[in-house]
Asker: 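Starting off with a structure, shown below.
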Amino acid sequence: MVKLVYSAIASMDGYTTDEDGNFDLLAPDAEVHAFINDLERGFGTCLYGRRMYEMLVYRESPEADDDKSPIALDFAGLWMAADKVVYSRTLEGVSSAKTRLERSFDPEAVRRMKEQADRDLSIGGSELAGQALEAGLVDDIHLFLMPVMFGGGKAVLPDHVPATVELLGVDRFEHGVVHLHYGIAT
C-alpha cells in the first residue's frame with residue numbers, strides 16, 4: 001500500500017503561521033525549494049485544506065507568476081501533473097485542473113484512496129493533516145524547520161494525538177534550515 005505523507009514548513013517552535021496568520025518568514029530558499037520539489041515528485045495525489053489550496057492554486061498558471069525561476073516552474077509542473085482533492089465546507093468551487101472538491105474529510109474514503117493508488121499521496125495544511133493524524137492515516141511526516149520562532153500561531157502538529165515515530169532522516173541546509181523525516185510506527 002502507498003503512504004500518506006504530511007509535509008510542512010514550520011518555525012523552530014512548531015508553527016506554520018504566526019499569531020496574525022503570516023508565514024512570510026517561512027518561505028524556502030532555492031536550495032530547500034528544490035529539495036521539496038524532489039519530494040513532491042513521488043506524489044500522485046495531493047490532499048489540501050482550503051487555505052493551502054488557495055495559497056498554491058496560482059501555480060496553475062505559471063506564466064502569470066512573477067517567479068519564473070527553474071525551481072518555481074518545476075514546482076508548477078508538479079502541481080499541474082498531480083491529482084488534487086480539496087476539503088472545504090465554504091469554497092464554492094475549484095479553479096484548477098485535475099482537482100475535485102470534497103465538503104468533509106472522510107477517513108474511510110482516504111483509506112480507499114490509499115488502497116487504490118499506485119503512488120504516494122501527500123496531505124497539506126496543518127488542520128487537515130491533524131484530522132488525518134487523528135484517524136491514523138499518516139505514514140510519514142516531513143518537517144522543514146526554519147530558523148525563526150513565532151512564539152505562537154497555528155501549530156504544525158495537532159494536540160492530543162499520541163504516536164510513536166521513528167526518525168528516518170535528517171538534512172541540513174545552508175541558512176539553518178533542518179529537514180526531519182519521521183515514519184509513524186504502526
Side-chain angles (χ1 to χ4, degrees), residues 1-11 14-17 21 23 26 35-60 75-145 153-169 179-186:
M1 185 165 44
V2 302
K3 293 180 178 181
L4 179 60
V5 179
Y6 173 39
S7 297
I9 299 173
S11 63
Y15 298 100
T16 59
T17 68
F23 53 87
L26 301 181
F35 187 94
I36 291 169
N37 285 0
D38 287 342
L39 180 63
E40 292 287 323
R41 278 182 227 299
F43 303 131
T45 303
C46 301
L47 313 178
Y48 295 117
R50 178 190 53 82
R51 284 185 289 269
M52 181 64 72
Y53 174 75
E54 288 177 334
M55 185 181 76
L56 293 172
V57 73
Y58 78 94
R59 298 292 188 176
E60 191 75 11
F75 185 83
L78 294 167
W79 162 271
M80 289 186 287
D83 292 321
K84 295 166 276 299
V85 181
V86 180
Y87 296 88
S88 174
R89 287 183 282 285
T90 59
L91 196 63
E92 296 202 14
V94 294
S95 59
S96 54
K98 301 178 74 170
T99 305
R100 78 173 193 265
L101 179 61
E102 295 289 337
R103 292 297 173 197
S104 64
F105 181 78
D106 178 359
E108 289 310 312
V110 175
R111 276 190 185 83
R112 285 191 300 276
M113 271 193 266
K114 286 175 67 173
E115 290 168 0
Q116 297 168 358
D118 57 358
R119 295 176 64 201
D120 287 345
L121 293 87
S122 74
I123 190 162
S126 61
E127 290 176 28
L128 183 64
Q131 291 177 59
L133 283 160
E134 288 173 15
L137 293 169
V138 175
D139 302 290
D140 280 10
I141 299 173
H142 290 267
L143 293 178
F144 294 85
L145 299 181
K154 182 181 286 189
V156 69
L157 295 169
D159 290 335
H160 313 295
V161 178
T164 301
V165 298
E166 175 186 1
L167 182 63
L168 300 176
H179 164 245
L180 302 170
H181 177 196
Y182 291 99
I184 297 186
T186 54

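Note that the coordinates shown come from a computational prediction; the quantities given were computed from them, not determined experimentally.
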Asker: Indicate yes or no for a side-chain donor-acceptor contact from Arg100 to the backbone of Val85 under 3.5 Å, with no hydrogens or angles considered.
Answerer: no
Asker: Dump the intermediate steps for salt bridge (Lys or Arg N to Asp or Glu O under 4.0 Å) on Glu115 and Arg112, then the final yes or no.
Answerer: CA-CA 5 Å; Glu115 290 168 0; Arg112 285 191 300 276; over 6 Å; no
Asker: What pair of heavy atoms forms the shortest contact from Arg103 to Glu92, and how long is it?
Answerer: NH2-O, 4.0 Å
Asker: Under 3.5 Å, is there a donor-acceptor pair between the Tyr48 and Thr99 side chains?
Answerer: no
Asker: So with a 6.0 Å cut-off around CZ of Arg89, is the heavy-atom count from everything else above 12?
Answerer: no
Asker: Can you name the nearest heavy-atom pair linking Lys114 to Val2, along with the distance?
Answerer: O-CG2, 3.3 Å
Asker: Applying side chain to side chain contact (heavy atoms under 4.5 Å, CB included), run through Met52 and Met55 and close with a yes or a no.
Answerer: CA-CA 5 Å; Met52 181 64 72; Met55 185 181 76; 3.5 Å; yes
Asker: Tell me if a side-chain donor or acceptor on Asp140 pairs with a main-chain N or O of Val5 at a distance below 3.5 Å.
Answerer: no
Asker: Can you tell if the side chain of Val165 reaches within under 4.5 Å of the side chain of Ile184, non-hydrogen atoms only?
Answerer: yes
Asker: Compute both the distance and the angle, then confirm whether Lys84 meets the cation-pi test with Trp79: under 6.0 Å from the six-membered ring centre, within 45 degrees of the axis.
Answerer: yes
Asker: Working to the nearest 0.5 Å, report the span between CG of Leu47 and CD1 of Ile123.
Answerer: 5.0 Å
Asker: Just wondering, more than 12 heavy atoms not from Phe23 lying within 6.0 Å of its CZ?
Answerer: no
Asker: How close do Leu39 and Ser7 get, counting heavy atoms only, and between which atoms?
Answerer: CD2-OG, 3.4 Å
Asker: Go through the steps for His179 and Ile36 under the test side chain to side chain contact (heavy atoms under 4.5 Å, CB included), then give the verdict.
Answerer: CA-CA 10 Å; His179 164 245; Ile36 291 169; over 6 Å; no
Asker: Considering non-hydrogen atoms only, spot the tightest contact between Ser126 and Thr16 and give its length.
Answerer: OG-OG1, 4.0 Å
Asker: Step by step, work out the side chain to side chain contact (heavy atoms under 4.5 Å, CB included) result for Leu101 and Tyr53.
Answerer: CA-CA 11 Å; Leu101 179 61; Tyr53 174 75; over 6 Å; no
